[in-house]
Peer 1: 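Below is one structure. I have some questions about it.
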Protein chains: 2
Amino acid sequence: MPDNKPAVPSRRSDTTRAAILDAARERFAADGYERATIRAIARDAGIDPSMVMRYYGSKEGLFAAAVTVDLKLPDLGPLPREEVGSALVTHFLAMWEETEVLTALLRVGATSQAGAERMQGIFQDQLLPVARQVCPDPEQVPARAALTATQLLGMALARYVLRLPPAVALSRQEIVAWLAPTVQRYLTAPNP
Amino acid sequence: MPDNKPAVPSRRSDTTRAAILDAARERFAADGYERATIRAIARDAGIDPSMVMRYYGSKEGLFAAAVTVDLKLPDLGPLPREEVGSALVTHFLAMWEETEVLTALLRVGATSQAGAERMQGIFQDQLLPVARQVCPDPEQVPARAALTATQLLGMALARYVLRLPPAVALSRQEIVAWLAPTVQRYLTAPNP
DNA sequence: ACCGTTGGTCAACGGGTGTTGGCAAACGTG
DNA sequence: CACGTTTGCCAACACCCGTTGACCAACGGT
């Protein structure tokens with residue numbers, strides 16, 4: 001046995017594994033869960049479909065391994081209250097444009113129950129804590145975080161998935177300028 | 001030939017055709033395009049899968065026939081300017097909850113290119129004209145309508161497709177109270 | 001009462017899918 | 001060098017899909 005520690009075995013096949021994950025992310029983002037076939041992913045990665053099964057067990061296992069999301073949400077604590085909206089929107093836009101994982105997740109979340117549950121988990125584990133930092137009333141944190149999610153996900157849906165032309169045409173600055181006050185209000189404004 | 005006019009032939013099979021369309025809408029809304037199989041739809045409708053082919057030609061033809069969307073958007077002309085936001089949000093919520101077609105369309109729009117184009121068409125043909133009625137600057141109508149779409153679709157996504165628990169828990173009145181000012185601002189407020 | 005038209009079923013085809021097991025080669029230690 | 005392990009390919013399985021064509025039964029106008 002080369003290393004007694006099971007952590008990070010550093011196998012010789014790591015490059016292949018990574019190629020599979022890359023191809024899987026791309027296909028899941030472009031085609032959604034059903035249309036992204038293991039055969040196509042293997043072809044993109046330049047290996048045999050059976051390798052995918054050996055390394056990731058099943059198509060579901062591959063999806064779980066390929067689509068892991070860390071939103072890297074910033075710490076809103078030290079920020080002035082009136083800047084949390086624009087900070088969040090700016091960060092979200094950057095994340096959506098620098099990785100295709102989020103598009104893949106949204107596509108799959110819209111079609112399969114398992115995908116929807118995955119998004120619920122991300123919402124709960126990553127967005128809720130941030131909302132807790134800036135929400136005045138702890139009781140209202142879930143509702144306000146959910147409202148924030150509707151606006152952020154709605155923009156992602158229109159711009160990166162449906163590709164509504166006017167939503168694509170907007171510049172990042174315009175989007176921040178329009179959405180930041182909305183998010184700001186959902187998180188910090190008193191009840192309407 | 002019973003009637004010389006080809007319009008509304010009123011065939012004997014109309015009840016079967018309607019049953020197929022009903023089952024198709026339900027399956028497309030619940031499962032998305034790929035997982036909604038013709039066989040399952042036919043089983044729901046209580047007939048043979050081949051009938052679906054005879055009446056609608058193909059799976060795509062069935063989808064086109066089953067998912068036709070008329071948002072029935074109200075005429076915003078006579079309305080006071082400050083009420084257009086709440087009128088739109090209220091109307092959208094009612095539409096989403098009274099028919100499953102919109103959920104089906106959103107699910108399919110998120111997965112297939114054809115579905116996305118269908119939604120683009122609905123946006124352009126149905127939402128844009130309404131926005132034109134209330135937007136101050138004609139130049140900005142597409143952008144403002146798109147912003148409105150992001151918020152409305154985002155709520156539909158979170159509430160009816162992803163089913164984020166806090167989004168489901170919100171009452172209709174709460175949703176209107178929170179979203180109406182957002183939509184109002186996107187459509188009528190001066191540039192930020 | 002005939003007979004073309006329509007509504008409906010049945011069985012099958014061709015193709016693509018996820019998944020499996022066997023086998024050959026390359027590798028990395030003893 | 002020898003040998004267990006890893007990496008990879010190949011061929012196949014079982015299943016489900018959309019789609020097709022042959023066939024039967026009920027209708028309805030003349």
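To find a chain, count down the sequence lines: A is the first, B the second, and so on, and within it residues start at 1.
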Peer 1: Inspect the contact between Glu97(B) and Arg159(B) and indicate whether a charged nitrogen and a carboxylate oxygen are less than 4.0 angstrom apart.
Peer 2: yes
Peer 1: Check step by step if side chain to side chain contact (heavy atoms under 4.5 Å, CB included) holds for Leu179(B) and Gln151(B).
Peer 2: CA-CA 8 Å; Leu179(B) 296 201; Gln151(B) 177 58 94; 3.6 Å; yes
Peer 1: Test side chain to side chain contact (heavy atoms under 4.5 Å, CB included) on Ile122(B) and Leu127(B) and set out the steps.
Peer 2: CA-CA 7 Å; Ile122(B) 293 170; Leu127(B) 187 56; over 6 Å; no
Peer 1: For the side chain of Thr37(A), starting at C-beta, report the closest nucleotide among dG8(C), dC9(D), dG18(C).
Peer 2: dG18(C)
Peer 1: Counting side-chain heavy atoms from C-beta on, which of dT19(D), dT20(C), dG21(D) comes nearest to Ser50(B)?
Peer 2: dG21(D)
Peer 1: Can you list, in residue-number order, the parts of residues 17-28 of chain A that come under 4.0 Å of DNA chain D, counting heavy atoms only?
Peer 2: none
Peer 1: Could you check whether Arg144(B) makes a cation-pi contact with Tyr186(B), meaning its NZ or CZ is under 6.0 Å from the centre of the six-membered ring and within 45° of the ring axis?
Peer 2: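 Here Arg144(B) fails the 6.0 Å and 45° test against Tyr186(B).
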Peer 1: Using a cut-off of strictly less than 4.0 Å between a heavy atom of the residue and any atom of DNA chain D, enumerate the qualifying residues of residues 52-67 of chain B by number.
Peer 2: Met53(B), Arg54(B), Ser58(B), Lys59(B)
Peer 1: For the pair Leu164(B) and Thr150(A), evaluate side chain to side chain contact (heavy atoms under 4.5 Å, CB included) and give the outcome as yes or no after the intermediate values.
Peer 2: CA-CA 10 Å; Leu164(B) 290 190; Thr150(A) 67; over 6 Å; no
Peer 1: Closer than 3.5 angstrom, by distance alone: can the side chain of His91(A) be matched with the main-chain N or O of Leu71(A) as a donor-acceptor pair?
Peer 2: yes
Peer 1: Rounded to whole Å, how long is the line connecting atom CG of Asp31(A) with atom P of dT17(C)?
Peer 2: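 The distance from CG of Asp31(A) to P of dT17(C) comes to 11 Å, rounded to the nearest Å.
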Peer 1: For the pair Trp96(B) and Tyr160(B), name the ring-plane relationship: parallel under 30°, tilted 30 to 60°, perpendicular over 60°.
Peer 2: parallel
Peer 1: Return no unless some side-chain N or O of Thr16(A) is found under 4.0 Å from OP1 or OP2 of dG8(D).
Peer 2: yes
Peer 1: Rounded to whole Å, how long is the line connecting atom CD1 of Ile38(A) with atom P of dC15(D)?
Peer 2: 18 Å
Peer 1: Let's see if you can work this out: which of dT9(C), dC9(D), dG18(C) has an atom nearest to the side-chain heavy atoms of Asp48(A)?
Peer 2: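 The answer is dC9(D).
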Peer 1: Apply the test side chain to side chain contact (heavy atoms under 4.5 Å, CB included) to residues Val89(A) and Thr182(A): give CA-CA distance (whole Å), side-chain angles for both, the deciding distance (0.1 Å), then the verdict.
Peer 2: CA-CA 10 Å; Val89(A) 176; Thr182(A) 301; over 6 Å; no
Peer 1: Provide, to the nearest angstrom, the distance between the CD1 atom belonging to Ile47(B) and the P atom belonging to dT9(C).
Peer 2: 7 Å
Peer 1: Quick one: sort the Tyr33(A) and Phe28(A) rings into parallel, tilted or perpendicular, breaks at 30° and 60°.
Peer 2: parallel
Peer 1: Quick one: Ile41(B) CD1 to dC16(D) P, roughly how many Å, whole number?
Peer 2: 17 Å
Peer 1: Write down the distance between CE (Met51(B)) and P (dA22(D)), rounded to a whole number of angstrom.
Peer 2: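 Those two atoms, CE and P, are 17 Å apart.
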Peer 1: Expressed in angstrom and rounded to an integer, what is the separation of Arg39(A) atom CZ from dC13(D) atom P?
Peer 2: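 Spelled out: CZ on Arg39(A) to P on dC13(D) is 14 Å.
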